[in-house]
Amino acid sequence: MERNVYVRQYNQNRNHWWFEGRKLILSRILNKYISKKKIILDYGCGVGINLDMLSKFGKVFYYDKSKLAINYVKKKFSNKNYFININELLKYKKKFDLIVATDVIEHIKKDEKEIIKISHLLKKDGYILITVPAFQSLYSSKDISLKHFRRYNKETLHNLLNKYFIEIKFTYFNFILFLPISVLILFFKITKIKFINRVEKKPNFFINKLAFYLFAFESFFINKIKFPFGISLLFFGKKIND
């Protein structure tokens, strides 16, 4: 991603409705399926938005290919989590019980190659938790700024993952806000207005709270139903052993 994206996310993520709502949804999934402390890798950790949440489920290592992102993480979490660089990652013998990759693989040109790498880093019967942006029709200047190669739907993500992981939970999310967000994205696409600064910047207090409560409301149902559509996709599964 561009430098200004990391700077903005580091400065704006605290109490931002999107990041807080997503963490709540992820934690609900993990609370249901993770019964004991795990060795966890936050793969493509960015500025470390998920590290506090993940640390409740075990010992957390973090990896990102961006040196700027890692510097931000070290600045904030120097005594709590464990940085692992790419050379250490490839040589790490014990492997991981759980790998979390939130909004990561859309940044990778050869996404299947990356999924194979992630699979090899998991222990036998290890778990994977992946989120990605949904629907190529919503691909916009925001995706370009974030250096996304694509967005996914259930079919394309299933085809990418089904050879390597057994599905446990597979659903769209950010369902309630799908219509207003989609309308805004399509408006900005048609008018060719760049809007990443507006959507990643924390909105005013009232809008931020309202958006958070609407988004967070989905967390009560995330383990009970599959949402038929949404701004994002979530896959939680178990490694298929060779």
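Being a predicted model, the structure only gives us computed values, none of them experimental.
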- Please test Asn15 against Asn208 for side-chain hydrogen bond (donor to acceptor under 3.5 Å, both in side chains), starting from the C-alpha separation and ending with a verdict. CA-CA 8 Å; Asn15 297 322; Asn208 192 58; over 6 Å; no

- Query: Any Lys/Arg nitrogen of Asp103 or Arg22 sitting under 4.0 Å from an Asp/Glu carboxylate oxygen of the other?
  - Reply: yes

- Query: Do NZ/NE/NH1/NH2 and the carboxylate oxygens of Asp143 and Arg151 come within less than 4.0 Å?
  - Reply: yes

Using a 4.5 Å cut-off on heavy atoms from C-beta on, say whether the side chain of [Y] contacts that of [X].
X     : Y     : answer
Ile40 : Phe96 : no
Asp42 : Asp64 : no
Ser27 : Leu54 : no

- Test of ring centre spacing under 6.0 Å for Phe229 and Phe178: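 Under 6.0 Å, so yes.
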
- Does Phe236 have its ring centroid less than 6.0 Å away from the ring centroid of Tyr127? yes

For [X] and [Y], indicate whether the former's side chain and the latter's backbone hold a donor-acceptor pair under 3.5 Å.
X      : Y      : answer
Tyr152 : Leu160 : no
Thr131 : Leu234 : no
Lys202 : Arg14  : yes
Lys32  : Arg28  : no
Lys239 : Leu122 : yes
Glu218 : Ile25  : no

- Message: Within this structure, what is the CD1-CG distance for the pair Ile231 and Leu177, rounded to the nearest 0.5 Å?
- Response: 8.5 Å

- Under 4.5 Å between side-chain heavy atoms, chaining through other members, with only Ile, Leu, Val, Met, Phe, Trp and Tyr counted: pull out the rest of the cluster around Ile190, sorted by chain and number.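 Hydrophobic cluster check, Ile190: no partners found.
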
- Message: Under a 3.5 Å cutoff, is there a donor and acceptor pairing between the side chains of Tyr43 and Glu114?
- Response: yes

- Are Thr156 and Asn153 close enough that a side-chain donor and a side-chain acceptor fall under 3.5 Å? yes

- Message: Just checking Phe217: does its CZ atom have more than 12 heavy atoms from other residues, nucleotides or ligands closer to it than 6.0 angstrom?
- Response: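 Incorrect, the count does not exceed 12.
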
- Applying side chain to side chain donor-acceptor pair (under 3.5 Å) between Asp97 and each of Lys123, Lys59, Lys36, Lys37, report the one that passes.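 Considering Lys123, Lys59, Lys36, Lys37, a side chain to side chain donor-acceptor pair (under 3.5 Å) with Asp97 is found only for Lys123.
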
- Message: Listing request: all salt bridge (Lys or Arg N to Asp or Glu O under 4.0 Å) pairs with a residue in residues 158-180, at least two apart in sequence or in separate chains.
- Response: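 Residue pairs with at least one partner in residues 158-180: Glu112-Lys163, Glu167-Lys226.
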
- Looking at Phe170, does the NZ or CZ of Lys154 lie under 6.0 angstrom from its six-membered ring centre and within 45 degrees of the ring axis? yes

- Task: Output, in order, the C-alpha distance, side-chain angles, deciding distance and verdict of salt bridge (Lys or Arg N to Asp or Glu O under 4.0 Å) for Arg150 and Asp111.
- Result: CA-CA 10 Å; Arg150 70 199 72 79; Asp111 53 354; 3.6 Å; yes

- For the residue pair Phe173 and Phe215, categorise the inter-ring angle as parallel (less than 30°), tilted (30 to 60°) or perpendicular (more than 60°).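 It falls in the parallel class, under 30°.
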
